[in-house]
Amino acid sequence: MRGFSDVVLTDSQKILILGGTSEAYELAEKLDGLSLPVITSLAGRTINPRLPKGAYRIGGFGGIAGLVAYLKQEKIGLIIDATHPFANQITSHAIAAATATGIAILRLERPLWQPEKGDNWLEVETLQQAVAAIPSNARVFLAIGRQHLSAFSSRNDASFIARMVDLPDPAPHNFQALDIILGKPDTSISEIDFLSRHNIDIIVCRNSGGPTSYGKILAARKLHLPVIMIGRTTPADVTTVSSITQLLAML
Ligand code: NAP
């Protein structure tokens, strides 16, 4: 895999942004504004996704082999992996495909949230540790992706609320008590209302970083609620920048 500094795009080559995050939308807008040939790729997880500026495609590539074929077919000269810090599979596929093709890759990953005065975090490394850390009889707000919900169904001594953009399909089963509320992360004021209204005792979330879902962390601080914070696995072998400004400076 070549480093970012080696990249020279020829006239026919394009930049592929692996997206689905607010940073990826902002980056697509900036690169499109600079008249750079850019395509954003979305996984297609939500029913009505926000569409990025410039060209885009939607749906999985079909594993590493599918991504390699796509990179060649579209004459991609640079991959910018701007996917969510917990979208580990697409990140590892992108690194493998970049290695296989010799195409340069750059990772845009927002910095971690850091605990501040008034925060009561229990930091864990895995989903399983988060499951085990939930106190008995707690009312838990699961602020995690739908694909991770089922890990918590073994805790039938606790009750859960999860908030999703779309209803999960298939619906999670084996839960003794799980309420799914349709909605998105909100401001700290609305999150205080949400946590209070649902009598939440504890939040389980991942250390996503960034402002979009920080409202619940501020709300937890205000309400003195504990948070079980699941840490990230940072990919090795890829040049990583933490802001669009830093990335644009490199371009
Ligand atoms: P993941 O587990 O890392 O990836 C699973 C599979 O989904 C990948 O192997 C790939 O399928 C496909 N995929 C993922 N991102 C893609 C993209 N940008 N373009 C094309 N295919 C993609 O991913 P995930 O955690 O389900 O996240 C899916 C998308 O939602 C990502 O784009 C991510 O940025 C966004 N997102 C995720 C979270 C989160 O909490 N994980 C939060 C906000 C946004 P193939 O193997 O078929 O190529």
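Sequence positions, counted from 1, serve as the residue numbers for this chain. In each ligand, atom 1 is the first atom listed, and ligand 1 is the first ligand listed.
- Counting protein heavy atoms only, atom 10 (C) of ligand 1 is closest to Ile90 CD1, 3.9 Å.
- A salt bridge links Asp179 with Arg139: at least one charged nitrogen is closer than 4.0 Å to a carboxylate oxygen.
- The ligand atoms of ligand 1 that sit less than 4.0 angstrom from a heavy atom of Gly63 are 45 (P), 46 (O), 47 (O), 48 (O).
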*asked:* Show, in sequence, the C-alpha distance, side-chain angles and deciding distance for Thr83 and Arg107, and conclude whether the side chain to side chain donor-acceptor pair (under 3.5 Å) test is met.
replied: CA-CA 8 Å; Thr83 55; Arg107 168 109 180 117; 3.2 Å; yes
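- Using a 3.5 Å distance cut-off with no hydrogens or angles, the side chains of Ser213 and Ser208 do not pair a donor with an acceptor.
- Considering backbone and side-chain N/O of Arg57, none are found under 3.5 Å from N/O of ligand 1.
- For Phe152 and Phe175, the gap between ring centers reaches or exceeds 6.0 Å.
- Across the listed options His84, Gln89, Arg146, His93, His84 owns the non-hydrogen atom lying nearest to atom 41 (N) of ligand 1.
- For atom 35 (C) of ligand 1, the closest non-hydrogen atom of the protein is Gly20 O, 3.7 Å.
- Residues Leu31 and Pro37 form no side-chain contact, since every pair of their non-hydrogen atoms from C-beta on lies 4.5 Å or further apart.
- Using a 4.0 Å heavy-atom cutoff, Gly62 is listed among the residues neighbouring ligand 1.
- Under a 4.0 Å heavy-atom criterion, Gly44 is not in contact with ligand 1.
- Closest to atom 18 (N) of ligand 1 by heavy atom, among Ala24, Ala143, Ser41, Gly60, is Ser41.
- Residue-environment remark: CD1 (Ile189) stays at or below the threshold of 12 foreign heavy atoms within 6.0 Å.
- For the residue pair Arg110/Ser243, the side-chain donor-acceptor check at 3.5 Å is not satisfied.
- At the shortest separation from atom 48 (O) of ligand 1 among protein heavy atoms lies Phe61 N, 2.7 Å.
- Proximity to Asn88 (heavy-atom distance under 4.0 Å) selects the following atoms of ligand 1: 3 (O).
- Under a 4.0 angstrom heavy-atom cut-off, Leu67 registers as lying outside contact with ligand 1.
- Looking only at heavy atoms of the protein, atom 40 (O) of ligand 1 is closest to Arg206 NH2, 2.4 Å.
- Between Glu23, Arg45, His148, it is Arg45 that holds the heavy atom closest to atom 6 (C) of ligand 1.
- Within 6.0 Å of the CG atom in Leu34, the count of heavy atoms belonging to other residues, nucleotides or ligands exceeds 12.
- Around atom NZ of Lys53, no more than 12 heavy atoms belonging to other residues, nucleotides or ligands sit under 6.0 Å away.
- Any N or O atom pair closer than 3.5 Å counts here, and Ala87 shares at least one such pair with ligand 1.
- Close contacts of ligand 1 with Gly19, meaning ligand atoms under 4.0 Å from a residue heavy atom, involve 18 (N), 31 (C), 32 (O), 33 (C), 34 (O).
- The shortest N/O to N/O separation between Leu18 and ligand 1 does not fall below 3.5 Å.
- Remark: the backbone N or O of Glu125 is paired with a side-chain donor or acceptor of Gln129 at under 3.5 angstrom.
- With Phe160 as the aromatic partner, Arg155 does not meet the cation-pi criteria of under 6.0 angstrom to the ring centre and within 45 degrees of the ring axis.
- With a heavy-atom cut-off of 4.0 Å, Leu42 touches ligand 1 through its backbone alone.
- Protein heavy atom at the shortest distance from atom 16 (C) of ligand 1 is Ala43 CB, 3.5 Å.
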